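Below: one structure, written as structure tokens.
The shown structure was predicted, so the numbers you read here are calculated from the model rather than taken from an experiment.
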Amino acid sequence: MKTDISLSIDHPYFNEPYRTRIEWDFPFLPREGEFINGWIWIDERISLKDIKPYLSSEGKESLQKWEGEISDWMYEVSIAAGDVRSVSYYRDKNDPKKIVAHLSLCELNP
């Protein structure tokens with residue numbers, strides 16, 4: 001069963017949590033305390049334009065030194081900040097009959 005999930009990734013490379021939406025195509029939803037592999041939520045079409053507004057000075061410095069693709073850099077971030085801090089549910093503002101799960105991801109021991 002496919003469902004929409006919104007994610008916020010809290011990591012020192014971002015001034016505020018990076019937010020994204022994905023289509024979840026797994027038979028379960030993650031629970032608080034579980035780890036989510038970044039390749040599940042990282043969109044291959046991610047661009048610098050998508051993440052630039054969120055970057056902290058530390059994130060900008062890290063990305064400037066990075067020699068690979070943006071998606072690979074995001075994967076490195078996801079290894080550190082892939083733990084589910086909380087799970088909440090809300091109604092989609094465009095379709096009130098639709099429930100969307102929101103996962104907040106963070107570093108387990110920042």
Side-chain angles (χ1 to χ4, degrees):
M1 175 179 95
K2 292 183 182 184
T3 188
D4 286 337
I5 294 203
S6 85
L7 298 166
S8 59
I9 296 87
D10 189 8
H11 187 278
Y13 286 173
F14 303 119
N15 287 319
E16 59 186 65
Y18 173 73
R19 299 180 72 83
T20 189
R21 279 179 85 125
I22 63 169
E23 190 174 84
W24 189 262
D25 193 17
F26 296 96
F28 60 89
L29 288 174
R31 295 173 294 186
E32 216 171 285
E34 292 183 332
F35 179 83
I36 297 178
N37 187 302
W39 290 131
I40 291 174
W41 61 263
I42 295 171
D43 185 346
E44 292 177 3
R45 297 168 302 198
I46 195 166
S47 70
L48 181 57
K49 184 178 88 174
D50 297 327
I51 64 172
K52 194 171 186 175
Y54 295 93
L55 290 176
S56 65
S57 56
E58 186 180 353
K60 289 175 186 173
E61 183 179 327
S62 170
L63 193 55
Q64 190 173 23
K65 294 177 185 176
W66 188 258
E67 295 181 6
E69 299 291 323
I70 297 281
S71 59
D72 293 335
W73 182 83
M74 285 295 289
Y75 181 73
E76 294 295 317
V77 169
S78 78
I79 289 172
D83 295 296
V84 178
R85 176 188 311 161
S86 66
V87 179
S88 57
Y89 302 90
Y90 62 92
R91 293 188 187 279
D92 188 309
K93 63 182 175 185
N94 298 322
D95 182 1
K97 293 180 181 179
K98 186 176 185 180
I99 303 296
V100 177
H102 176 79
L103 303 177
S104 179
L105 305 179
C106 67
E107 291 179 279
L108 186 57
N109 295 310

So, do Leu105 and Leu7 sit near enough that their side-chain heavy atoms are less than 4.5 Å apart? yes
Asp4 CG to Trp24 CH2 distance, which is reported to the nearest 0.5 Å: 12.5 Å
Are Phe28 and Phe35 in one and the same hydrophobic cluster, where Ile, Leu, Val, Met, Phe, Trp and Tyr link if side-chain heavy atoms are under 4.5 Å apart? no
Locate the shortest heavy-atom distance separating Tyr75 from Asn37; write the atom from each residue and the value. CE1-OD1, 3.4 Å
How close do Arg85 and Asp10 get, counting heavy atoms only, and between which atoms? NH2-OD2, 2.8 Å
CG (Leu103) and CD (Glu32) are apart, to the nearest 0.5 Å, by 10.5 Å
What's the separation between atom OH in Tyr89 and atom CG in Leu29, rounded to the nearest 0.5 Å? 5.0 Å
Any donor-acceptor pair under 3.5 Å linking the side chain of Asp50 with the backbone of Ser47? yes
One should read off an interatomic distance between Ile46 CD1 and Ile51 CD1, to the nearest 0.5 angstrom, of 5.5 Å
Evaluation steps, side-chain contact (heavy atoms from CB on, under 4.5 Å), between Ser62 and Trp73: CA-CA 9 Å; Ser62 170; Trp73 182 83; 2.9 Å; yes
Between OG on residue Ser78 and CH2 on residue Trp39, distance to nearest 0.5 Å: 7.5 Å
Is the shortest side-chain heavy-atom distance between His11 and Pro17 below 4.5 Å? no
With a 4.5 Å heavy-atom cut-off, do Thr20 and Trp41 have their side chains touching? yes
Does any non-hydrogen side-chain atom of Ile9 lie less than 4.5 Å from one of Tyr54? no
With hydrophobic residues grouped by side-chain heavy-atom distances under 4.5 Å, do Ile99 and Ile22 end up in a single group? yes
Are side-chain heavy atoms of Leu55 and Tyr18 found at a separation under 4.5 Å? no
Side-chain contact, heavy-atom cut-off 4.5 Å: Leu63 with Tyr13? no
Short side-chain to backbone donor-acceptor contact, Glu34 and Arg31, under 3.5 Å: yes
Side chains of Arg91 and Val100, heavy atoms from C-beta outward: is any pair under 4.5 Å? no
Please indicate whether Arg21 has more than 12 foreign heavy atoms, meaning atoms of other residues, nucleotides or ligands, lying under 6.0 Å from its CZ. yes
Taking every heavy atom of Arg19 against every heavy atom of Ser8, the minimum-distance pair comes out as NH1-CB, 3.7 Å
Is a donor from one side chain sitting under 3.5 angstrom from an acceptor on the other, for His102 and Ser88? no
Distance-minimising heavy-atom pair for Val84 and Pro30: CG2-CB, 4.0 Å
Atom CG in Asn15, atom OG in Ser57: separation rounded to 0.5 Å? 7.5 Å
